[in-house]
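The next block holds one structure in the form of structure tokens; read it before the comments.
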Amino acid sequence: MKVADLIKITSGKLLTPGVDLTREIKGGCGADLMSDVLASIQPEAVLLTGLCNPQVVRTAQMADVAAIVFVRAKNPPQETIDLAIQEQIPLISSPHGMFELCGRLHENGMPSLEMPVDNGPCDCD
């Protein structure tokens, strides 16, 4: 799937003019913890997130993320947009929530690029 297709499927608004809309996206991942992104996302994925700070773009750059979609119509600060333009990472704002967007992308043939992580028993109690 190309970035231009991603914009249509997510009903998104492109926030980074001049980026390559023909870049191929091989799959997706949804996360708000950047440590989860670094630990489990595979290269050339779209990252769905509700976080809008510049750290999202820095993490995406380190993890070779192909595009970032901000869920729930979030709009990042100009600092985040400027960094994404510099790094040539498309930023898209979608009015839909993360669950809805994951479903839409999966329905359109996008696989998950989130690797399973086995850390043993859960300490969530």
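What you are looking at is a predicted structure, and each value in this text was computed from that prediction instead of being measured. Quick note: numbers below take in every heavy atom, side chains included, and nothing from hydrogens, waters or symmetry partners.
- Other residues sharing a hydrophobic cluster with Val3 under the 4.5 Å side-chain heavy-atom criterion for ILVMFWY residues are Met1, Leu6, Ile7, Ile9, Leu14, Val19, Leu21, Ile25, Val46, Leu48, Val69, Val71, Ile92, Met98, Leu101, Leu105, Met110.
- Here Glu44 pairs with Lys26 under the salt bridge (Lys or Arg N to Asp or Glu O under 4.0 Å) rule; sequence neighbours left out.
- With Lys74 contributing its side chain and Gly50 its backbone, the two residues share a donor-acceptor pair below 3.5 Å.
- Of all non-hydrogen atoms in Thr49 and Ala31, the two that sit nearest each other are OG1-O, 2.9 Å.
- Summarising the geometry of Thr80 relative to Cys52, their closest heavy-atom pair is OG1-O, 2.8 Å, with the distance given to 0.1 Å.
- Contact check on Arg23 versus Asp5 returns no salt bridge, with no Lys/Arg side-chain nitrogen under 4.0 Å from an Asp/Glu carboxylate oxygen.
- Across all their heavy atoms, Leu51 and Phe70 have their closest contact at O-CE2, 2.9 Å.
- In this structure, the separation between NZ on Lys8 and NZ on Lys2 is 12.0 Å, given to the nearest 0.5 Å.
- Using a 4.5 Å cut-off on side-chain heavy atoms (C-beta onward), Pro17 and Ile85 make contact.
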Checklist entry - Stepwise, does the side-chain contact (heavy atoms from CB on, under 4.5 Å) test hold for Arg104 with Thr10? => result CA-CA 7 Å; Arg104 284 176 178 232; Thr10 62; over 6 Å; no
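- The distance from atom CD1 of Ile89 to atom CD1 of Ile81, rounded to the nearest 0.5 Å, is 13.5 Å.
- Side-chain N or O atoms of Ser93 include none that pairs as donor or acceptor with a backbone N or O of Lys13 at under 3.5 Å.
- His96 and Arg72 are not linked by any side-chain donor-acceptor pair at a separation below 3.5 angstrom, with hydrogens and angles left out of the test.
- Residues Pro54 and Leu83 approach most closely at O-CD2, 3.7 Å, considering heavy atoms.
- No side-chain heavy atom of Pro76 sits under 4.5 Å from any side-chain heavy atom of Asn53.
- The two residues Val65 and Ala45 come nearest to each other via the heavy atoms CG1-O, 3.3 Å.
- Among all heavy-atom pairs drawn from Pro95 and Ser11, the shortest one is CD-O, 3.3 Å.
- Atoms CD and CD1, on Glu87 and Ile68 in that order, are 10.5 Å from each other to the nearest 0.5 Å.
- Once rounded to the nearest 0.5 Å, the distance linking CG of Asp36 with OG1 of Thr59 reads 11.0 Å.
- Counting heavy atoms from C-beta on, the side chains of Ile41 and Glu114 never come closer than 4.5 Å.
- Within a 6.0 Å radius of CD in Gln78, other residues, nucleotides and ligands contribute more than 12 heavy atoms.
- To the nearest 0.5 Å, atoms CD (Gln88) and CD (Gln61) are separated by 12.0 Å.
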